[in-house]
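Heads up: the structure comes next, in structure tokens.
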Amino acid sequence: MTHSDPAYITTPIYYVNDRPHIGHAYTTTLCDVWARAMRFMGRDVFFLTGTDEHGVKVEKSAEARGISPQALADENAAEFRKVMEMFDLTNDDFIRTTEPRHERQVQALVKRLLDTGDVYLGEFEGWYDEGQEEYVTETKAKESDFKSPISGKPLVRANERNYYFKLSAYQERLESLFEANPGFVKPEARRNEVLGRLRGGLQDVPITRTNFSWGIPFPGDEEHVIYVWIDALLNYATALELADGASDRHRHWPAAYHVIGKEILWFHAVIWPAVLMALELPQPACVYAHSFWISEGQKMSKSLGNFIDLPTIERYVDVYGLDAWRWYMVNNGPLGATDADFQATGFHETYTTDLVNTVGNCASRTTAMLGKYFDGIVPADTGFDFPGWDLAGDAGTAVAKWRAAMADFALDDACDAGIGLLRTVDAFINATEPFKVAKDEGRRDELASILARCVEAVRIASVLLWPVIPGRMETLWPALGCDLDPGRGDLEAVAAWGDTLKGATTRKIALFPRVDPATTPAADVAS
RNA sequence: GCCGAUGUAGCUCAGUCCGGUUAGAGCGAGGGAUUCAUAAACCCUAGGUCGGAGGUUCGAGUCCUCCCAUCGGCACCA
């Protein structure tokens with residue numbers, strides 16, 4: 001409707017050599033929640049995700065399987081696309097680094113860096129593991145006593161000519177950037193980490209390799225391929241066709257949020273801004289680095305077999321529903337600076353406490369009473385006064401809190417705002433006891449006021465909860481007798497308190513079925 | 001090794017910056033009362049060496065020192 005204020009949000013592009021797992025689903029889900037919220041608020045959202053498909057690992061994996069790297073990439077990129085469908089993610093584009101649109105622009109942008117002198121040909125020297133065909137860092141070389149950790153053979157001193165990015169030239173400008181924008185890296189603990197390392201000084205970084213060929217050729221020197229990280233980072237720009245002349249997509253630049261996992265913070269918080277400075281492009285507003293999921297108290301690893309992979313996730317979705325999965329991701333996930341533990345029992349508890357006992361129950365008792373006492377027709381609010389209670393004010397406060405939380409990417413706080421309003425409704429019902437008031441024909445005005453306000457508060461809460469649990473909220477709306485469409489981008493108006501539902505026909509609804517613990521993935525874990 | 005965090009009730013955490021009556025919340029668990037609701041919401045119940053030791057102070061989860069444990073970062077790693 002008011003589509004004006006652009007909002008660009010990105011996930012990292014996922015490396016196709018990995019299998020999709022909870023980490024990928026998590027990052028993408030966070031972005032989806034935010035994207036939905038912003039669209040509902042009328043912002044002009046562009047939500048990007050995709051796959052990173054180059055690099056020596058992909059080349060080797062493909063070789064091992066006797067297929068081409070592109071075939072391997074195609075196969076695994078399809079797996080990642082499946083994630084998008086499974087979770088009903090609303091990304092506006094899915095970029096792959098092997099697509100011509102990306103390769104063409106990366107070459108153009110790298111050429112630009114070469115022209116400005118930010119990229120130069122230099123010599124790299126370091127410890128080389130001949131068996132593994134890769135360089136190891138000075139630190140790692142020392143750790144392994146200058147021997148290959150695989151073969152045990154001594155590492156050799158080797159060098160190769162590479163193109164370097166002049167990162168060292170951007171030290172001061174990066175420091176200024178961080179100073180001028182305290183929210184550039186979130187959460188704050190991550191920002192401090194980056195600042196600490198930044199103080200240690202910056203060295204130029206190689207951006208090409210010659211020891212493998214599965215990558216984008218360096219413009220004008222095709223023996224070199226562009227190393228994966230710069231290839232990958234530039235996806236944020238190439239998806240918006242920034243190096244491709246005029247395009248409608250340019251309006252979305254720069255990103256409001258680059259949402260990433262903490263392992264790739266350095267690239268996004270330091271190298272990426274420096275590259276953008278070199279390209280004279282505006283900086284993103286925020287790099288948000290979340291932490292990791294661990295599983296039942298243990299780090300996820302292949303040897304433990306505790307990876308929460310797609311089949312595992314599918315079992316949760318089958319039992320609890322997609323909205324429950326999203327709710328758990330957002331509310332119990334590692335949004336902050338510490339890792340979060342995925343626990344089957346915790347999942348069940350969160351589902352029962354928040355969704356069944358609060359969201360579901362509040363909607364249920366409200367619609368049930370409307371059905372029983374008003375034949376399902378929402379009465380007019382007669383303006384009865386309940387000292388100490390102000391649901392309209394509470395709703396306004398909840399909406400304000402929600403907006404602030406969303407702006408801050410505090411998605412869990414946004415959920416709190418929504419569910420908190422429902423808790424207030426519950427408390428209001430307990431205090432005013434409409435089920436007792438209903439027994440007295442002389443108190444119809446009071447009863448009408450209570451229920452009219454309850455259902456209005458439920459409606460507003462449902463709007464706030466929609467980005468996280470869209471499926472169930474879209475089921476609730478018809479039961480409240482309203483027809484909301486987040487696509488209209490008019491959250492402001494929709495979330496305003498009023499007599500919107502007066503005269504609407506409601507019906508009793510049970511949103512989240514109680515789940516028998518014996519039939520859940522938790523039961524499997526216990527056995 | 002270096003830098004930085006964290007360690008409080010069964011679980012997840014708040015409180016520690018600006019030290020002061022009987023250390024808090026949510027969830028779980030136990031009990032009670034009730035029925036509008038999906039045996040839901042509501043009320044009561046947790047007596048936990050606030051990681052350990054020492055110190056400063058009239059008084060310390062709250063400040064200082066040391067120790068222990070766990071975790072994160074340490075640049076080419078997606």
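As a basis for the values below, the full set of heavy atoms in this structure was taken, side chains included, without hydrogen atoms, waters or symmetry mates. By convention in this document, chain letters (A, B, ...) are assigned in the order of the sequence lines, proteins followed by strands, and residues within each chain are numbered from 1.
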Just how far, in rounded Å, is [atom2] of [N] from [atom1] of [X]?
X        : N      : atom1 : atom2 : result
A:Asp413 : B:rC13 : CG    : P     : 15 Å
A:Asn76  : B:rA78 : CG    : C1'   : 15 Å
A:Met369 : B:rA40 : CE    : P     : 18 Å
A:Glu349 : B:rA40 : CD    : P     : 13 Å
A:Asn211 : B:rC76 : CG    : P     : 14 Å
A:Tyr351 : B:rC27 : OH    : P     : 18 Å
A:Asp18  : B:rA78 : CG    : P     : 9 Å
A:Asp341 : B:rU70 : CG    : C1'   : 14 Å

Under 4.0 Å, heavy atoms only, any strand: does [X] hit a base, just the sugar-phosphate, or nothing?
X        : result
A:Gln203 : base
A:Tyr373 : sugar-phosphate
A:Pro206 : base
A:Asp204 : base
A:Tyr227 : sugar-phosphate
A:Arg190 : sugar-phosphate
A:Val270 : nothing

Mind checking who [N] pairs with, Watson-Crick or G-U wobble, both distances under 3.5 Å?
N      : value
B:rA46 : none
B:rU62 : none
B:rG1  : B:rC74
B:rG24 : B:rC13
B:rU56 : none
B:rC18 : none
B:rU6  : B:rA69

Of the nucleotides [options], which has the atom closest to the [X] side chain?
X        : options                : value
A:Phe435 : B:rU35, B:rG73, B:rC76 : B:rU35
A:Trp229 : B:rG28, B:rC76, B:rU38 : B:rC76
A:Lys439 : B:rC36, B:rG72, B:rA40 : B:rC36
A:Ala368 : B:rA78, B:rA75, B:rA37 : B:rA37
A:Tyr15  : B:rA78, B:rC27, B:rC76 : B:rA78
A:Ser364 : B:rC77, B:rA37, B:rC36 : B:rA37
A:Leu511 : B:rC36, B:rA78, B:rU38 : B:rU38
A:Asp52  : B:rC77, B:rA78, B:rC36 : B:rA78
A:Asp426 : B:rU38, B:rA41, B:rG73 : B:rA41
A:Arg514 : B:rA39, B:rC77, B:rG72 : B:rA39

Work out how far the [atom1] atom of [N] is from that of [M], and round it to whole angstrom.
N      : M      : atom1 : answer
B:rG24 : B:rU45 : P     : 12 Å
B:rC67 : B:rC13 : P     : 27 Å
B:rG59 : B:rG20 : P     : 15 Å
B:rU34 : B:rA41 : C1'   : 10 Å
B:rG31 : B:rA37 : C1'   : 23 Å
B:rG10 : B:rC50 : P     : 13 Å
B:rA23 : B:rA60 : C1'   : 12 Å
B:rU57 : B:rC11 : C1'   : 36 Å

Next item on the list: Answer yes if the ring centres of A:Trp272 and A:Tyr236 are under 6.0 angstrom apart, and no otherwise.
Entry: yes
Next item on the list: Measure centre to centre between the rings of A:Phe342 and A:Tyr26, then say whether the value is under 6.0 Å.
Entry: no
When you compare the side chains of [X] and [Y], does any donor N or O come within less than 3.5 Å of an acceptor on the partner?
X        : Y        : result
A:His224 : A:Thr210 : no
A:Trp477 : A:Ser462 : yes
A:Asn162 : A:Tyr227 : no

Presence of [X] side-chain N/O under 4.0 Å of [N] phosphate oxygens OP1/OP2:
X        : N      : answer
A:Arg365 : B:rU38 : no
A:Tyr164 : B:rC76 : no
A:Asn357 : B:rA41 : yes
A:Lys436 : B:rU34 : no
A:Lys508 : B:rU38 : yes

Next item on the list: Nearest-nucleotide wise, let me know which of A:Gly201 and A:His268 is further upstream toward the 5' end of RNA chain B.
Entry: A:Gly201
Check: More 5' along RNA chain B: A:Glu263 or A:Leu202, using each one's nearest nucleotide?
Finding: A:Leu202
Next item on the list: Check the angle between the aromatic planes of A:Phe428 and A:Trp389 and answer parallel, tilted or perpendicular using the 30° and 60° thresholds.
Entry: perpendicular
Check: Going by the angle between their ring planes, with limits at 30° and 60°, are A:Tyr316 and A:Tyr320 parallel, tilted or perpendicular?
Finding: parallel
Check: On the ring face of A:Phe374, is A:Arg444 found with NZ or CZ under 6.0 Å from the centre and within 45° of the axis?
Finding: yes
Notebook entry, point to check: Looking at the angle O4'-C1'-N9-C4 for a purine or O4'-C1'-N1-C2 for a pyrimidine, is B:rG30 syn or anti, with syn meaning within 90° of 0?
Noted result: anti
Notebook entry, point to check: Who are the side-chain contact (heavy atoms from CB on, under 4.5 Å) partners of A:Ala405, not counting sequence neighbours?
Noted result: A:Ala410, A:Asp413, A:Ala414
Next item on the list: Taking all non-hydrogen atoms of both residues into account, name the closest pair between A:Asp18 and A:His24 and its distance.
Entry: CB-CE1, 4.3 Å
